[in-house]
Amino acid sequence: MTTNTEFQNVTEDLKWRGALFDATPGAEHILATEKITAYNGFDPTASSLHIGNLVAIMGLVRLQQYGHTPVALVGGGTGMIGDPSGRADERTLLSVTDIDYNVEAIRAQLEPFLDFNAKSNPASVVNNADWLRTTDLLTFLRDVGKHFTVNTMMSRDSVKDRFSRDSGISFTEFSYQLLQAYDFLKLYENDNVGFQAGGSDQWGNILGGVDLIRRIHGADSEGRPRAHGIAYPLVVNSNGEKFGKSIGGAPTLDPKLTSPYKLYQFFLNVADADAVPYVKLFTMLNQVRIGALAEAVSAEPHKRAAQKALAEQVTLTIHGQSGLDQALKVTQAFFGGDISGLSADQMEDVLDGSSVTEVTRDQLSGEGLRFSELAISAGVGKSGGDVRRTIEQGGMYLNGEQIGDANRTIKTEDLVEGRLLIIRRGRKNYSLVKLAEQLGL
RNA sequence: GCAAGGGUUGGGGAGUGGUUAAACCCAGCAGACUGUAAAUCUGCCGCUUUACGGCUUCACAGGUUCGAAUCCUGUCCCUUGCACCA
């Protein structure tokens, strides 16, 4: 074992972290000897990136760390078509308004990761809508389409899979690979972007772009390809399941959709076997730190040192110090002690930012409000029957106390210090209910 | 356009006149055990103020029946073959 904690270049680093799946010939050499500009595309099919995108984001971060210039491409144009990769069925097209909204949201989510003010290699965000929406059909077919044979296009796995299915593939999605190749070409020509990074599912699309650039611009003066690509592996957990595919869908990077607390909890609950690999992939911690964590995991697994480090680091980068503080505070309150001992102020503080529901004083007066109704509006139950069943199984709590009666009603006396209620479903799902302010009545 | 096959509860997929709110698997939820893990086990998993009750469901609209997801008619959609086009 050497004491050397620094890697010479980004590829060594990525390899050590298990984050390099494939690279075009010569790519590693260039990454080690030159400072390049690399881009990674993000699909605006949803309003938020999720943790599945984290590998790619961290890839850009590491590239920047080693002096390369990262470019995040948000697919406002390609999003209008839809990538068939990894899809069993045709996508439903999104409206332009939705896409534009998503593009903005994603742009904002990428910002905490990258340094946009670096002197020599500032990060930037581009939107392929800027060129794709204005390119005219005939020009595109002549300049780009001419370089692709349908034979190759059909041999793509993402396309082939769909051929064998009943649903087939539309021409629209079939064309997708051309668009992504065109993006690379545009970025190469306009901004001298010579690298594309992406998940292994994007490898075919990446090579398509590399190929297109070679066909149009040929090799450089030394006979080397002008464009390169690297791919990250698909992250799976120790059960072979796709990363993030649990607990009601993948956590997002949007604090409104996934509170810092929930994000923190997601990573804290990672299985032992996954903890160290994930730390390597998703944090900037160095070899020494990670080596120590690995030892800690095997020596004292119950202390979950790696899980804690992982959850802390990820929450910190995505939601900042205040987000992490909040996540830790909530965790401490819920798992460290008894929340029924907390004051209303503390509860509110701890749960601020997670889902909050309001009730009016009227609703709680007289007969009171049925617990099941409140639980549904607070989002911890799907229907009256669902809530009742959960209560019967002992899974519903009000202010830290288990509810035994499915007909439980909520009255003003139940409010903690006259203004708050805490509903809990199962072990980890908390929801805050506030008494609405009465406005000038 | 013609012909054949098909559309079942989140997904997959049984079920072809009654005991079917609908097998089974996966996913999901709750509980036990634990380390807020994994594995395992138990219960739940259309709606309903608690129900051996009521209601609404098997693409949609009608119809036949004491009774239909199951039969008939029409409509929509999907798949496959043929034709048309080229």
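The sequence lines fix the lettering, A, B, ..., with proteins before strands; numbering per chain opens at 1.
Nucleotides B:G53 and B:A22 place their P atoms 11 Å apart, quoted to the nearest Å. Spacing of C1' atoms, B:C45 relative to B:U57, comes out at 16 Å, to the nearest Å. A gap of 24 Å separates the P atoms of B:A3 and B:A86, to the nearest Å.
Scored by the side-chain contact (heavy atoms from CB on, under 4.5 Å) test, A:A296 finds A:A305 as partners (sequence neighbours excluded).
Applying the 4.0 Å criterion to OP1 and OP2 of B:A38, one finds that A:N269 has every side-chain N and O outside that range.
The interatomic distance linking A:K428 (NZ) with B:U36 (C1') rounds to 5 Å, in whole Å. Between A:R425 atom CZ and B:G28 atom P there is a gap of 14 Å when expressed in whole angstrom units.
Sorted by first then second residue, the salt bridge (Lys or Arg N to Asp or Glu O under 4.0 Å) pairs that include residues 133-154 of chain A, not counting sequence neighbours, are A:D100-A:R133. Evaluation of the salt bridge (Lys or Arg N to Asp or Glu O under 4.0 Å) test over residues 373-386 of chain A, restricted to residues two or more places apart or in two chains, returns A:D386-A:R425. A salt bridge (Lys or Arg N to Asp or Glu O under 4.0 Å) check over residues 204-217 of chain A, counting only residues at least two apart or in different chains, returns the pairs A:D211-A:R214, A:D211-A:R215. Sequence neighbours left out, the pairs with a member in residues 12-22 of chain A that pass side chain to side chain donor-acceptor pair (under 3.5 Å) are A:D13-A:R17, A:D13-A:Y66, A:K15-A:E28, A:D22-A:W203.
Here B:U36 is the nucleotide among B:U36, B:G35, B:A30 with the atom lying nearest to any side-chain atom of A:F335.
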Nucleotides 45-50 of chain B: which of its N/O atoms have a protein N/O under 3.5 Å away?
from, atom 1, to, atom 2, distance (Å)
B:C47, OP1, A:S383, OG, 3.0
B:C47, OP2, A:R389, NH2, 3.2
B:U48, OP1, A:G384, N, 2.7
B:U48, OP2, A:S383, OG, 3.1
B:U48, OP2, A:G384, N, 3.3
B:U48, OP2, A:G385, N, 2.7
B:U50, N3, A:N407, ND2, 2.8
B:U50, O4, A:N407, ND2, 3.4

Using the rule given for ring-ring contact (aromatic ring centres under 6.0 Å, His included), can you reason through A:F140 versus A:Y182, listing the C-alpha separation, both sets of side-chain angles and the distance that settles it, and then say yes or no? CA-CA 9 Å; A:F140 180 78; A:Y182 185 58; 5.3 Å; yes

